[in-house]
Amino acid sequence: MALTDAAATARAAGEISYDELPDFVIETPRDKTHGDFAANLALLLARQARQSPRNIAAAIVRHLERPQPGVARVEVAGPGFINFTLDNQWLLPVLPAVLAEDDHYGWSNIGQGARVQVEFVSANPTGLLHMGNARGAALGDSIANLLTAVGYDVTREFYINDAGNQIENFGLSLEARYLQALGQEAAIPEDGYHGEDLVATVGRFIARYGDKYLDTDPALRREMLVRFALEEKLDAIRRVLEDFGVTYDVWFSEQSLHDSGAVARTIADLEKAGYIYEKDGALWFKATSFGDVKDEVVVRKNGIPTYFAADIAYHRNKFERGFERVINIWGADHHGHVARLKGALQALGYDPRRLEVVLMQLVRLYQGGEILRMSKRTGQYVTLEELIEEVGRDAARYFFVMLKSDSHLEFDLDLARSQSADNPVYYVQYAHARICSILRLARDRGLEIPPAREARLELLQDPAELELIKQIAAWPDTVAGAAQALEPHRLTRFAHDLAGLFHSFYTSCRVLADDPEVRKARLVLVEATRITLRNVLHLLGVTAPERM
RNA sequence: GCGCCUGUAGCUCAGCUGGAUAGAGCAGCGGCCUUCUAAGCCGCGGGCCGCAGGUUCGAAUCCUGCCAGGCGCGCCA
């Protein structure tokens, strides 16, 4: 604001000229020696003013009001940046605020209580969770945490694919295992489920029902088997996800959309809107009307609706439940589905922008330098359960969120198994444990963390101390930015930087110093660091250990 | 063939929505524990940011075209 005034004054004085002030930005420079904030105003004005950016910057700085509160230095630098260096004292009030806000430090109300739904994992309930599901779980849960932190009313949801062809296949496979177990000849369909897990499931089914369904109607037999197996599989999925720190608010059944008539109603409404036509005995949705490359079948020739039809009904249902934003975490292999689904929602009268799809590239597993394929057919894949067992929940969650979702993730199982200190999560957790150790020792000596107002924070003058405070102060903006971009990987970066600054501080400054005033001030700083670190880890779903 | 994603240090990846001399971890080399946890700190080396054009005062970032890899393009989900 002061900058625009200064520019206007400079123009009035005839030192520079422009018609309209461009939209300039004030940002924090990468390089600390460039001050705390930098404005690119002069660079943007160069063309209009027909002067060199440096001259313009100099003119603006000349007309800047001299005594700016909290600003220690203003200078022109580089090609014409105007750099502001803050008075260090300006930073200090953040520390009492951190202690006061505690586990809400960094939170905000950007979302203003708007309801948002995050749907993630939604794995086929016919099997176990694999690495791709694990990445989705870590990403989705952290995104949900982020949105909660910035003031949204968040619902976590798991969509159960308990309808369609795969369930048919599942039933046939279970039936074959059932008949085999009872001494009959039966073959699992070629594209069925060949995993040994079904043998065990059927074993438990027989333990409960015996051969009761041996001579019954096969359709009923399959229905009973499927119901039993799905319940078992879903229980297992729910347990593993809970072990991974993920708890859902809603488990939504695809079948329920068929049972309630929601699918049929949705197709009818699309037809009314003029986006359905018949070809080759099937009903098609005009996805091409919404920029897709081809149309898509919603009802097959045999009269059974497709998965796509159910998905449209499902997403309509989400909006009908009152969610303002609907966020899906999908594997990149589903990307072709995004445009059609948005198109269908638009056809139903919804703003397609309310559906946001976060696509994550697939996870590739390496072991012994070779790629491991994830195949349900061969049954050879690493499950989330195994991953948690071998790597631990914290490392797994941190690792999955550390990368941008659209980067391919190469997961080296050997490295993960080694549980070595190479894993960045230990670096962050170690900082937290170290702080807790200091605070424990202080308490043992009868030294409590003083109320922040009683500490002489202006004693915190060491560069390591000031850098640490700056990072702590940057936390709320980091949360807001990560939430807005739906990019939880920014949190791991922040956590790593914060831990690093703390470790440096720890090396150069002694917290339990002899001088009681310095000690008090540093105890406040360390406590603020602990709170911030814990809050980051909390959003990541990673524990903040007090000892390591 | 068409579409989406990716290509940055030996390896794995950041790069905050176009800024200043492109960063971190690991790997390599050299230092630092009689005082709060060495799972740590400090320093050194290492780069045609896939290639070629374009836009701009300014490009790893935006546009176009190539090249390479991954994934899609079923009346599967």
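Letters A, B, ... mirror the listed sequences (proteins, then strands); counts begin at 1. What you see is a predicted model, and the numbers here were worked out from it, not measured in a lab.
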Colleague: Using the C1' atom as the reference point in each nucleotide, state the distance between B:G65 and B:G10 in Å, no decimals.
Modeller: 31 Å
Colleague: Would A:Phe81 count as stacked on B:A20 if the rule is ring centres under 5.5 Å and plane angle under 30°?
Modeller: yes
Colleague: In this structure, how many angstroms lie between the P atom of B:C13 and the CZ atom of A:Arg493, rounded?
Modeller: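 My rounded result for the distance is 16 Å.
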Colleague: Pick the nucleotide of RNA chain B nearest each of A:Phe308 and A:Arg547; which residue has the one closer to the 5' end?
Modeller: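 Nearest-nucleotide comparison on RNA chain B picks A:Arg547.
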Colleague: Where the side chain of A:Leu43 is concerned, which of B:C36, B:G19, B:C75 is the nearest nucleotide?
Modeller: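 So the nucleotide nearest the side chain must be B:G19.
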Colleague: Before accepting this row, confirm whether a basic side-chain N of the pair A:Arg522/A:Glu465 lies closer than 4.0 Å to the acidic partner's carboxylate O.
Modeller: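 Between A:Glu465 and A:Arg522 there is a salt bridge, with a charged N closer than 4.0 Å to a carboxylate O.
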Colleague: Roughly how far apart, to the nearest Å, are B:U61 and B:U56 at atom C1'?
Modeller: 13 Å
Colleague: Using Watson-Crick or G-U wobble geometry with both distances below 3.5 Å, tell me the partner of B:A14, or none.
Modeller: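 No nucleotide pairs with B:A14.
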Colleague: Expressed as a whole number of angstroms, how long is the span from A:Arg364:CZ to B:G7:P?
Modeller: 14 Å
Colleague: What integer distance in Å separates A:His496:NE2 from B:U12:P?
Modeller: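 Rounded to the whole Å, the gap is 18 Å.
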Colleague: My understanding is that a pair needs two contacts under 3.5 Å, Watson-Crick or G-U wobble. By that rule, which nucleotide pairs with B:G1?
Modeller: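 Matched B:G1 with B:C73 under the 3.5 Å cut-off.
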Colleague: Counting heavy atoms from C-beta on, name the nucleotide in B:A20, B:G74, B:C5 closest to the side chain of A:Ala77.
Modeller: B:A20
Colleague: What nucleotide, of B:U37, B:A77, B:C36, holds the atom closest to the side chain of A:Thr306?
Modeller: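 Among the listed nucleotides, the one closest to the side chain of A:Thr306 is B:A77.
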Colleague: Using a 4.0 Å heavy-atom cut-off, does A:Val293 contact any base of the nucleic acid, only the sugar-phosphate backbone, or nothing at all?
Modeller: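 No contact at all - A:Val293 keeps every heavy atom at 4.0 Å or more from the nucleic acid.
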Colleague: From C-beta outward on A:Asn40, which listed nucleotide comes closest to its side chain: B:C75, B:A77, B:G19?
Modeller: B:G19
Colleague: Looking at A:Lys318 and A:Glu119, is there a salt bridge between them, counting it only when a charged N and a carboxylate O are closer than 4.0 Å?
Modeller: yes
Colleague: Is any side-chain N of the basic residue among A:Glu517 and A:Arg519 closer than 4.0 Å to the acidic one's carboxylate O?
Modeller: no
Colleague: Tell me if the CZ atom of A:Arg440 is crowded by more than 12 foreign heavy atoms within 6.0 Å.
Modeller: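 More than 12 within 6.0 Å, yes.
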Colleague: Nearest whole angstrom, please: distance from the P of B:G15 to the CG of A:Asp406.
Modeller: 9 Å
Colleague: Would you classify A:Ala38 as touching base, sugar-phosphate or nothing, given that sugar-phosphate means primed atoms plus P, OP1 and OP2, and contacts are heavy atoms under 4.0 Å?
Modeller: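 Base, at least one base heavy atom under 4.0 Å.
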Colleague: Rounded to the nearest Å, what distance is computed from the CE atom of residue A:Met360 to the P atom of nucleotide B:G72?
Modeller: 14 Å
Colleague: When the distance from CD1 of A:Ile267 to P of B:C75 is rounded to whole Å, what number comes out?
Modeller: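 It works out to 16 Å between those atoms.
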Colleague: So does A:Asp292 pair up with A:Arg340, basic N to acidic O under 4.0 Å?
Modeller: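 Salt bridge flag = yes for A:Arg340 with A:Asp292.
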Colleague: Could you tell me whether B:U17 is syn or anti, where syn means a glycosidic angle within 90 degrees of zero?
Modeller: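 B:U17: syn.
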Colleague: Between the base of B:A20 and the side chain of A:Asn83, is there any donor-acceptor pair under 3.5 Å?
Modeller: yes
Colleague: Look at the side chain of A:Gln484 and decide which nucleotide, out of B:A38, B:U17, B:C75, has an atom nearest to it.
Modeller: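 Among B:A38, B:U17, B:C75, the one nearest the side chain of A:Gln484 is B:U17.
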Colleague: Whole Å only: how far is the CZ atom of A:Phe399 from the C1' atom of B:C26?
Modeller: 11 Å
Colleague: Can you tell which of B:C13, B:C76, B:G70 lies closest to the side chain of A:Leu403?
Modeller: B:C13
Colleague: Between B:G47 and B:A24, how many Å separate the two C1' atoms, rounded to a whole number?
Modeller: 15 Å
Colleague: Nearest-nucleotide wise, let me know which of A:His335 and A:Asp497 is further upstream toward the 5' end of RNA chain B.
Modeller: A:His335
Colleague: For a quick check under 3.5 Å, do A:Asp394 and A:Gln429 share a side-chain donor-acceptor pair by atom type?
Modeller: yes
Colleague: With rounding to the closest Å, how many angstrom separate the C1' atoms on B:C2 and B:G15?
Modeller: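 Between the two C1' atoms, the distance is 32 Å.
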Colleague: Rounded to the nearest angstrom, tell me the gap between atom NZ in A:Lys294 and atom C1' in B:G1.
Modeller: 15 Å
Colleague: For B:U64 versus B:G3, give the span between their P atoms, rounded off to a whole number of Å.
Modeller: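 Per the computed distance, 11 Å lies between those P atoms.
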Colleague: Work out how far the P atom of B:C42 is from that of B:C49, and round it to whole angstrom.
Modeller: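 These two P atoms come out 28 Å apart once rounded.
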Colleague: From the options B:C5, B:C75, B:U37, select the nucleotide whose nearest atom is closest to the side chain of A:Trp284.
Modeller: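 Nucleotide nearest to A:Trp284's side chain: B:C75.
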Colleague: For B:C71 versus B:A59, give the span between their C1' atoms, rounded off to a whole number of Å.
Modeller: 29 Å
Colleague: Taking only the side-chain heavy atoms of A:Tyr430 (C-beta and beyond), determine which of B:G40, B:C36, B:C5 contains the nearest atom.
Modeller: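 The answer is B:G40.
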Colleague: Hey, are A:Lys404 and A:Glu487 close enough for a salt bridge, meaning a charged N less than 4.0 Å from a carboxylate O?
Modeller: no
Colleague: Would you indicate which nucleotide in B:C13, B:U37, B:C41 comes nearest to any side-chain atom of A:Ser504?
Modeller: B:C41
Colleague: Choosing from B:A77, B:C36, B:G19, which nucleotide comes nearest the side chain of A:Leu44?
Modeller: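 Nearest listed nucleotide: B:G19.
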Colleague: Between B:G50 and B:U12, how far is it from one P atom to the other, in whole Å?
Modeller: 15 Å
